[in-house]
J.: 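Quick one: the structure is below, and I'll ask about it shortly.
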Amino acid sequence: MADKFRRETILAKNLLSSQPAELQRMLAKVNVVELPIPAETVYAIHEHPDAPGHVRRAAELGLIEEGTDPESRQPRYYVSNVLRPLIRPLLTEEEYVEACAAAARSLHKLWVTEPAQSETVS
């Protein structure tokens with residue numbers, strides 16, 4: 001069992017190291033949220049001109065999990081905590097806090113503010 005885990009860690013490390021630094025940093029930033037999040041929140045956390053390309057590439061490689069929200073039918077993204085020991089060191093403490101704040105602002109807007117506004121309009 002330990003050998004299998006070690007092998008998977010080595011494979012993940014090699015796969016990560018072969019990716020552009022900004023894609024690796026995106027994974028570290030998205031990993032601050034420990035649940036599947038909308039693409040809009042991923043882009044709010046990872047403000048980069050090629051953010052959609054980074055998400056697409058990471059999903060193709062299995063570095064970010066991609067699913068569909070059953071209610072909204074919109075994509076959701078999640079970075080497994082298995083990668084955390086490899087990607088967390090890529091962010092400074094300040095960058096980590098900034099990623100948390102960006103995620104909180106985006107999710108509050110999407111899940112609290114906008115739904116409340118649509119309820120009052122209905």
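Positions are given from 1, in the same order as the sequence printed here.
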J.: Test of understanding: clusters of I, L, V, M, F, W, Y form through side-chain heavy atoms closer than 4.5 Å, transitively. Do Val79 and Val82 belong to the same one?
T.: no
J.: Honestly curious: do Ile64 and Leu11 fall in one hydrophobic cluster under the side-chain, below-4.5 Å linking rule?
T.: no
J.: Would a hydrophobic clustering, with Ile, Leu, Val, Met, Phe, Trp and Tyr connected at side-chain separations under 4.5 Å, put Ile45 with Trp111?
T.: yes
J.: Flag the pair Glu98 and Arg105 as a salt bridge only when some basic side-chain nitrogen lies within less than 4.0 angstrom of an acidic carboxylate oxygen.
T.: no
J.: Between the side chain of Asn31 and the main-chain N/O of Arg84, is any donor-acceptor distance below 3.5 Å?
T.: no
J.: Which distance, rounded to the nearest 0.5 Å, do you find between the CG of Leu83 and the CD of Gln24?
T.: 10.5 Å
J.: Measure the spacing between CE of Met26 and CZ of Arg57 and express it to the nearest 0.5 Å.
T.: 11.5 Å
J.: Establish whether Val33 and Val97 are linked, either directly or via other cluster members, by ILVMFWY side-chain heavy-atom contacts under 4.5 Å.
T.: no
J.: Would a 4.5 Å heavy-atom cut-off, applied to side chains only, mark Val30 and Val32 as touching?
T.: no
J.: Does Pro38 reach the side chain of Leu110, with side-chain heavy atoms less than 4.5 Å apart?
T.: yes
J.: Is the backbone N or O of Leu15 less than 3.5 Å from a side-chain atom of Ser18, with the two atoms forming a donor-acceptor pair by type?
T.: yes
J.: Any donor-acceptor pair under 3.5 Å linking the side chain of His46 with the backbone of His48?
T.: no
J.: With Leu27 as reference, evaluate Leu86, Val55, Leu16 under the side chain to side chain contact (heavy atoms under 4.5 Å, CB included) test and give the passing residue.
T.: Leu16
J.: Could I get the full list of side-chain contact (heavy atoms from CB on, under 4.5 Å) partners for Asp69, not counting sequence neighbours?
T.: Glu71, Ser72, Arg76
J.: Using the rule that two of Ile, Leu, Val, Met, Phe, Trp, Tyr join whenever any of their side-chain heavy atoms come within less than 4.5 Å, decide whether Tyr78 and Leu63 are in one cluster.
T.: no
J.: May I ask you to decide if Lys13's main-chain N or O and Ser17's side chain share a donor-acceptor pair within less than 3.5 Å?
T.: yes
J.: Counting only heavy atoms not in Glu60, do more than 12 sit closer than 6.0 Å to its CD atom?
T.: yes
J.: Shortest non-hydrogen contact from Ala44 to Ala102?
T.: O-CB, 3.6 Å
J.: What pairs of residues pass the salt bridge (Lys or Arg N to Asp or Glu O under 4.0 Å) test when at least one of them lies in residues 15-29, not counting sequence neighbours?
T.: Glu22-Arg25, Arg25-Glu95
